[in-house]
Amino acid sequence: MKLFNTMSRRKEEFVPLEEGKVRMYVCGPTVYNLIHIGNARPMIIFDTVRRYLEYKGYEVNYVSNFTDVDDKIIKKAIEEGVEASVISERYIAECKKDMQAMNVKPATTYPKATEEICGMLDMIGTLIEKGHAYVGEDGTVYFKTRSFKEYGKLSHKNLDDLQGGNRSLLVTGEDQKQDSLDFVLWKPKKDGEPYWESPWCNGRPGWHIECSVMSKKYLGEEIDIHAGGEDLVFPHHENEIAQSEAANGKPFAKYWMHNAFLNIDNRKMSKSAGNFFTVRDISEKYDLQVLRFFMLSAHYRSPLNFSAELMEAARSGYERIVTSVSNLNYLLENATSDTMSEDEKRLAEEAKGFETKFDEAMDDDFNTADAISAIFELVKFANTNTNAESSREFLKTLKDEIVMLSDVCGLIVEKQQEMLDSDIEALIEERQVARKAKNFQRADEIRNELLSKGIVLEDTREGVKWKRA
C-alpha cells in the first residue's frame, strides 16, 4: 500500500509505527454554523481511508477534533446573547447528524479544545522552558519560529517565503513579536469572551496549539497519519509540527495527507458569490449517499468541481449499484437452486478479479475513482451473468462482493424495503406535532430517519412536501 506524503512530495510505502495498528488524526471543523460541502470532502475522504485500513486488517485509532472556542463562535454567541458553549454544542450536534447521514463512521475520540486547556498550558510551558516560546508584555505567548530549524519542511517554503502568510496570524500585541514570523500560542482575553487562567494572563489558546495537544493526548507523541484539507498545510499543520516536535523532541507524524479544494461551478465557494452550500442544503435535494459517491468519484488530491450536472451523474452512478443489488436480492428470493454449478464456480472465481482491481486501486494512494470503476465492472458482470436460473449460492456470492466493496467506500447500496406512503405521512405528522411542542430533537430524529430511507423532506409555506431521493 502506497500513499502520497505531503512532507516528501512522493508516494511512500505505508508502514505503520506499530504493526497492525494505525494512529490517525484528522483536523475537524470549527463549530459556529452548519458544516458546508467543503467540510464534507475531508470527512468523507479520510473516513474512506480509515475504512480501507480496517478492511485490510488494521486496528485504527481515529481522532478528529472540534474547535469549540474561536472568534466566529464568540461573534455568533454575542449576536444571539448566549454563552459561546451554547453555540458550539448546538453545531457539534448538527455536525454529527450530517456525518451520520453521509455514513461517516464516528471517530474513536472527538476531543474539544475547551476540554484540553490543561494540556495546552503544559505544552506551552514546556516550549517556554526549552526556549521555543516567549511571553509578551500583555501576557501573549508566542512561538519563536526561527528556533525550530526545520520550520517550513511541510509546505516546502523557506522562512523568507513564509513572510506573506502572516496575515492570518495577526493579533492584538503584534508589535510585541520578536520576529514577524512568530505565531500565537496563548492570547489575552477580551471583554465578553470566554477565558481561562494561565501563568501568563487570563485568556485562551491560539488555534494551532489545540491539535498538537489533542493528538499527543489521544494518540501519543508520534502518530502514523495526520490529515486534512490542503488549506491547512500552511500555517496550521506547519505550526503543529513546529510546536509538537519542539516540545516532544520526536517526529510528529510519519505521513501527511491532504485533500484538494472543492469548487462550485468552477469557482471558489463563498457566501458573497452566492455559491455556498451546506450539507443540509444538499440533503434537501439528494440522498447524502449521492454526495458521498460524488466526493469519491475523483482522486482526493485532485481539485473537484461541484455542479448540478455532476451531482445528477453521481446519482445515476450510485443508483446503478443500488439497482444491481436490488435485482440480485429479487433473484435470491425466487431462486430454485441452492448450490453453484460448475460454470457458476468458474464465474465466481472470475469475479474475484474485480476485488483485486479494487484493492490495487486503493493500494495506489487511495484511488477511489478507479476503485468505484472496479465496482461498476463487478456490477456489469453480475447483471450479465445472473438470471432466474442462477443458484442462491452464486447470487449471494456476487451480491456480498458488491456490498462489501461498496461498504469500504462507505456507500450503502443495499436499501431497506421501500416505505409505504402511509407510513411516511404518519411520520411527517408526528414530526409536525413534535415541532409544535418544541420537541426539536424528536423532529430532527424523524427527519433523519426518513432521510436514511431515501425520503427527502422540504418545509414550505404550503406545508411539508416529500419525495423519494
Side-chain angles (χ1 to χ4, degrees), residues 1 3 14 16 20-29 31 34-67 91-112 211 214-215 218-219 223-229 255 257-259 279-280 282-283 286-297 300 318 321-322 358-359 362 366-368 371-372 375 400 402-416 444-445 448-449 451-454:
M1 187 193 303
L3 58 82
F14 178 69
K21 296 184 178 181
V22 177
R23 286 172 277 180
M24 184 171 179
Y25 188 95
V26 179
C27 287
V31 282
L34 295 172
I35 60 170
H36 54 73
I37 57 175
N39 300 134
R41 190 175 193 193
M43 289 177 178
I44 289 169
I45 291 297
F46 298 118
D47 174 67
T48 305
V49 170
R50 172 197 186 173
R51 286 171 177 270
Y52 186 68
L53 290 168
E54 290 175 339
Y55 161 78
K56 297 293 279 188
Y58 290 103
E59 178 186 326
V60 182
N61 187 349
Y62 188 95
V63 176
S64 187
N65 69 299
F66 288 115
T67 295
Y91 289 112
I92 286 172
E94 295 301 324
C95 178
K96 287 182 177 180
K97 289 177 188 175
D98 286 339
M99 288 193 289
Q100 181 181 10
M102 293 187 294
N103 199 28
V104 172
K105 293 180 68 172
T108 310
T109 310
Y110 284 117
K112 293 184 285 189
C211 292
M214 291 186 274
S215 178
Y218 295 101
L219 296 171
I223 68 173
D224 294 293
I225 299 173
H226 199 312
Y255 305 97
M257 298 181 68
H258 295 93
N259 66 276
V279 169
R280 202 67 56 87
I282 302 304
S283 75
Y286 298 96
D287 181 337
L288 289 183
Q289 284 289 287
V290 174
L291 180 65
R292 184 172 185 119
F293 184 96
F294 166 76
M295 294 290 186
L296 299 177
S297 64
Y300 75 92
Y318 171 63
I321 304 173
V322 171
F358 178 92
D359 287 3
M362 293 295 282
F366 304 97
N367 190 334
T368 54
I372 287 174
I375 295 175
D400 288 351
I402 295 171
V403 171
M404 177 185 69
L405 298 183
S406 298
D407 183 63
V408 174
C409 294
L411 296 169
I412 302 170
V413 294
E414 189 167 18
K415 294 290 189 179
Q416 297 176 346
D444 285 343
E445 286 173 356
N448 289 334
E449 179 185 346
L451 186 60
S452 70
K453 294 176 180 177

- First locate atom OH of Y255, then atom CE of M24, and finally report the distance between them rounded to the nearest 0.5 Å. 13.0 Å
- Item | Counterpart residues, side-chain contact (heavy atoms from CB on, under 4.5 Å), relative to E445 (two or more places apart) | Q441, R442
- Item | Close side-chain approach of M295 to M43, heavy-atom, < 4.5 Å | no
- N/O donor-acceptor pair under 3.5 Å between Y318 side chain and I412 backbone: yes
- Looking only at heavy atoms, which two atoms of V26 and S64 are closest? And how far apart? O-OG, 3.0 Å
- Message: Applying side chain to side chain contact (heavy atoms under 4.5 Å, CB included) to F66 and C95, what does each step give before you reach the verdict?
- Response: CA-CA 10 Å; F66 288 115; C95 178; 3.8 Å; yes
- Message: Measuring only between side-chain heavy atoms, which start at C-beta, is F14 closer than 4.5 Å to L53?
- Response: yes
- Once you round to the nearest 0.5 Å, how far does NZ of K97 lie from CG of D444? 3.0 Å
- Run the numbers on F366 and M1 for side chain to side chain contact (heavy atoms under 4.5 Å, CB included), then give the verdict. CA-CA 9 Å; F366 304 97; M1 187 193 303; 3.8 Å; yes
- Can you name the nearest heavy-atom pair linking Y58 to P16, along with the distance? CE2-CG, 3.7 Å
- How close do V279 and A40 get, heavy atom to heavy atom, and via which atoms? CG2-CB, 3.9 Å
- Message: Would you say that L411 contacts N103 through its side chain, given a criterion of any heavy-atom pair below 4.5 Å between the two side chains?
- Response: no
- Query: Is any side-chain heavy atom of M257 closer than 4.5 Å to a side-chain heavy atom of I225?
  - Reply: yes
- Message: Counting only heavy atoms not in E94 (residues, nucleotides, ligands), do more than 12 fall under 6.0 Å from its CD?
- Response: yes
- Task: Applying side chain to side chain contact (heavy atoms under 4.5 Å, CB included), run through Y218 and T108 and close with a yes or a no.
- Result: CA-CA 9 Å; Y218 295 101; T108 310; over 6 Å; no
- Heavy-atom pair of closest approach, residues H258 and G229: CD2-O, 3.4 Å
- Message: Can you list everything that forms a side-chain contact (heavy atoms from CB on, under 4.5 Å) with V408? Sequence neighbours excluded, please.
- Response: Y52, Y55, F358
- Query: Between K56 and D359, does a side chain to side chain contact (heavy atoms under 4.5 Å, CB included) hold up when you go through it step by step?
  - Reply: CA-CA 9 Å; K56 297 293 279 188; D359 287 3; 4.2 Å; yes
- Item | pair I321-I402: side-chain heavy atoms closer than 4.5 Å | yes
- Query: Can you list the residues that meet the salt bridge (Lys or Arg N to Asp or Glu O under 4.0 Å) rule with K96, with sequence neighbours excluded?
  - Reply: none
- Applying ring-ring contact (aromatic ring centres under 6.0 Å, His included), name anything that partners Y91, two or more places apart in sequence or on another chain. none
- Heavy-atom closest contact (L296 atom, I44 atom, distance): CD2-CG2, 3.9 Å
- Between I372 and S297, what is the shortest heavy-atom contact and its length? CD1-N, 4.4 Å
- Task: Would you confirm whether S406, through its side chain, and V403, through its main-chain N or O, come within 3.5 Å as a donor-acceptor pair?
- Result: no
- Query: Could you state the interatomic distance from CD (Q289) to CG (L451), rounded to the nearest 0.5 Å?
  - Reply: 9.5 Å
- Item | Reference residue Y25; test side chain to side chain donor-acceptor pair (under 3.5 Å); the match among N65, D224, N61 | N65
- Item | Between F293 and Y286, ring centroids under 6.0 Å | no
- Using the test salt bridge (Lys or Arg N to Asp or Glu O under 4.0 Å), find all partners of E54 that sit at least two apart in sequence or belong to another chain. R50, K105
- Query: Between atom CE of M214 and atom OG1 of T67, what is the distance when rounded to the nearest 0.5 Å?
  - Reply: 6.0 Å
- Look up atom CD1 in I35 and atom CG in D98, then write down how far apart they are to the nearest 0.5 Å. 4.5 Å
- Taking the side chain as every heavy atom from C-beta outward, state whether K112 and V31 have any pair of such atoms under 4.5 Å apart. no
- Task: State the OH-CG distance between Y300 and N367, to the nearest 0.5 angstrom.
- Result: 10.0 Å
- Message: Any non-hydrogen side-chain atom of M362 less than 4.5 Å from a side-chain atom of T48?
- Response: yes
- Would you say S215 and R23 make side-chain contact, with heavy atoms under 4.5 Å? no
- Sequence neighbours excluded, which residues qualify as salt bridge (Lys or Arg N to Asp or Glu O under 4.0 Å) partners of R292? D47
